[in-house]
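Worksheet for the structure shown next.
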Amino acid sequence: MVAMFTLSAFADEISPDPQVQIDVLRQCGIRHIELRSILQTNVLSLTDLQVSELKSLLDRHGFRLSAIGSPIGKIKIDDPFQPHLKKLDRAIELCKLFNTPNIRMFSYYLPEGGGDWDDWRRDVLDRMWDKIRVAEKAGVRLIHENEHRIYGDDPERVHDLLETVLEQVDIANFAAVYDPANYVHGGFDPWKGWQLTKQWTVHFHIKDWVHGELHGRVAGEGEGRIAEVIAEAVSMNYNGFATLEPHLLGGGLTGGVTGPELFPKAAEAFKNVLDRVGAQYE
C-alpha cells in the first residue's frame, strides 16, 4: 500500500452558503466536504428539500462527502438517550444518500452538576455499544472525535474508549478521528494522544493551536506537532481523509469560522506540511 491523504473540509467554516463553499474549495483543489451545516442549519436538521438541493449542487460540481459531521454524542451523559439515538437514524439516511460510510460523533459531556468521569464511564460505553449496533446493521462507520470537555478529550480516556469498544466490535463500524488541536486546546499532549490512538485512527481533522489562544493557526504553526504525526502516518501507510477545520477566526460548540479569504491559506499550509514529509494527497 501507498499512503494517501484525501483532502476534505468542514466547508461551513468558509461560508454558510454552499455555493461559496464549493467555489473556494475548487480554488483550493479540494473535492470533498465533511457536511456539518449549510445555511446556518445543522446537517441533521436539514429538510428533505434542502438535502435534495445540496446533493444536486454537489453532484453538478463533482463533490462528494468525507463524512456526515453530526453532533451525535454532544449532549450531557444523563440527558435522555432514546430521542438522541433517533438522530442516528437520520445520519444513516444521509450516509446512504450522499454515499459516504462515515458519521463523525462524540462521547458526551458530564452532567450539569459536574462529577467524575469514573462515575459515568459505564454509561458512556453502553451508549456507544447501542449506537454501534445500529451502525453495524446499517453498514456505516462511527468515527469518534477527541473533542474537548467530553469523555474522550483526555488521551488516556480516548484510548480506554477505543480499546474497550473495539474488543467487541469491528473497526469497520467504529474508529477514531484524530484532532491534534483539540488536545492542545484542552491542555493535553497531542503526541501522546496520537501514540495512544494511532492504531485505530482512520480519519484526521486538521487544525493547529497554541494553548490559551482563542483561535486556531494554520497547520505547522501551532503546538499540534502535525508534521511529526503526519510523517508517522505516512510510515504506517495511512490511506484516508484529512479534513481541514482551521478555526482561524475562532471556534465554539457548533463549529468554527475561517472565512473565504483565509481558508485557502489554511489549505496551502497543510499541503506544504504534506509535501515536507513526502506524503501523497489528492
Side-chain angles (χ1 to χ4, degrees), residues 3-38 43 54 57-58 60-69 98 100 102 104 143 145 177-182 184-185 190 194 201-210 213-231 233-234 238-252 255-282:
M4 177 63 71
F5 293 79
T6 301
L7 301 182
S8 182
F10 280 102
D12 55 358
E13 292 220 357
I14 298 169
S15 166
D17 184 335
Q19 183 63 63
V20 176
Q21 296 175 10
I22 286 171
D23 291 342
V24 172
L25 291 180
R26 288 179 68 184
Q27 174 189 343
C28 297
I30 296 173
R31 289 285 191 267
H32 286 80
I33 288 174
E34 202 132 320
L35 181 56
R36 180 170 53 198
S37 72
I38 59 167
V43 57
L54 177 61
L57 180 66
L58 295 177
R60 287 200 307 273
H61 291 280
F63 273 71
R64 298 184 64 184
L65 298 191
S66 54
I68 302 298
F98 287 104
T100 177
N102 299 315
R104 185 274 303 264
I143 49 177
E145 178 180 348
V177 179
Y178 176 79
D179 187 317
N182 284 351
V184 174
H185 184 276
W194 168 244
T201 295
V202 300
H203 206 90
F204 284 96
H205 285 169
I206 303 300
K207 61 179 180 284
D208 213 342
W209 211 274
V210 171
E213 293 190 348
L214 299 178
H215 57 79
R217 297 197 182 194
V218 299
E221 293 189 4
E223 299 171 347
R225 300 182 66 172
I226 289 176
E228 295 165 86
V229 168
I230 296 300
V234 170
Y238 176 82
N239 195 320
F241 287 104
T243 300
L244 290 164
E245 189 188 14
H247 282 28
L248 296 185
L249 296 177
V257 179
T258 296
E261 295 81 17
L262 290 178
F263 204 92
K265 295 180 180 179
E268 188 64 24
F270 183 54
K271 288 180 182 179
N272 288 339
V273 169
L274 292 168
D275 289 336
R276 286 203 308 272
V277 302
Q280 297 190 48
Y281 57 91
E282 59 184 6

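- For the atom pair I226 CD1 and R276 CZ, the distance stands at 10.0 Å (nearest 0.5 Å).
- Under the 3.5 Å distance criterion, the side-chain polar atoms of D208 are matched with a main-chain donor or acceptor of G220.
- L58 places a side-chain heavy atom less than 4.5 Å from the side chain of I33.
- A pairwise comparison of heavy atoms in A269 and V218 identifies CB-CB, 3.6 Å as the closest pair.
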For this session: Output, in order, the C-alpha distance, side-chain angles, deciding distance and verdict of side chain to side chain donor-acceptor pair (under 3.5 Å) for S15 and Q21.
Result: CA-CA 6 Å; S15 166; Q21 296 175 10; 5.8 Å; no

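- Put simply, OH on Y281 and CG on L274 are 6.5 Å apart, with the number rounded to the nearest 0.5 Å.
- Using a 4.5 Å heavy-atom cutoff, the side chains of L244 and I30 are in contact.
- The shortest heavy-atom contact between P190 and V184 is CG-CG2, 3.8 Å.
- When side chains are defined from C-beta on, R31 does not count as touching L25, because their heavy atoms never get closer than 4.5 Å.
- Using a distance-only test at 3.5 Å, with no hydrogens or angles considered, a donor-acceptor pair links the side chain of K271 to the main chain of C28.
- Tested against S66, the residues E34, R104, H32 include a single side-chain hydrogen bond (donor to acceptor under 3.5 Å, both in side chains) partner, E34.
- Across all their heavy atoms, G69 and F10 have their closest contact at CA-CE2, 4.4 Å.
- Residue pairs satisfying the salt bridge (charged side-chain N to carboxylate O under 4.0 Å, His left out) criterion with at least one member in residues 215-225, sequence neighbours excluded, are listed as follows: E213-R217, R225-E228.
- The shortest distance between side-chain heavy atoms of L54 and F98 falls below 4.5 Å.
- Contact of the V229 side chain with the F204 side chain is registered, since non-hydrogen atoms from C-beta on lie closer than 4.5 Å.
- In this structure, CG on N102 lies 10.0 Å from OG on S8, to the nearest 0.5 angstrom.
- Using a 4.5 Å cut-off on side-chain heavy atoms (C-beta onward), H215 and L249 make no contact.
- Checked options H203, H185, K207; the residue passing with D179 is K207 (criterion: side-chain hydrogen bond (donor to acceptor under 3.5 Å, both in side chains)).
- Contact detail for V234 and A279: the closest heavy-atom pair is CG2-CB, 3.6 Å.
- Distance check: T243 OG1 to I143 CD1 gives 7.5 Å after rounding to the nearest 0.5 Å.
- In this structure, CG in L262 is found 5.5 Å from CG in L248, a value given to the nearest 0.5 Å.
- You'll find the side chain of P264 reaches within 4.5 Å of the side chain of V24, heavy atoms only.
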Exercise. Do D12 and R36 pass the side chain to side chain contact (heavy atoms under 4.5 Å, CB included) test, and can you show the C-alpha distance, the side-chain angles, and the key distance before you say yes or no?
Worked result: CA-CA 7 Å; D12 55 358; R36 180 170 53 198; 2.9 Å; yes

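- At a cut-off of 3.5 Å, with distance as the only test, a side-chain donor of Q19 or D23 sits close to an acceptor on the other residue.
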Exercise. I22 and F63: side chain to side chain contact (heavy atoms under 4.5 Å, CB included), yes or no, with the steps?
Worked result: CA-CA 8 Å; I22 286 171; F63 273 71; 3.7 Å; yes

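- L7 is not listed as a side-chain neighbour of F241, based on a closest heavy-atom distance of 4.5 Å or more.
- The main-chain N or O of V202 is found under 3.5 Å from a side-chain atom of Y238 such that the two form a donor-acceptor pair.
- Atom-to-atom distance recorded for Y178:OH and I206:CD1 is 9.0 Å, nearest 0.5 angstrom.
- Closest approach of P246 to T258, counting heavy atoms only: CB-OG1, 3.5 Å.
- Remark: the N182 side chain and the E145 side chain contain an N/O donor-acceptor pair separated by less than 3.5 Å.
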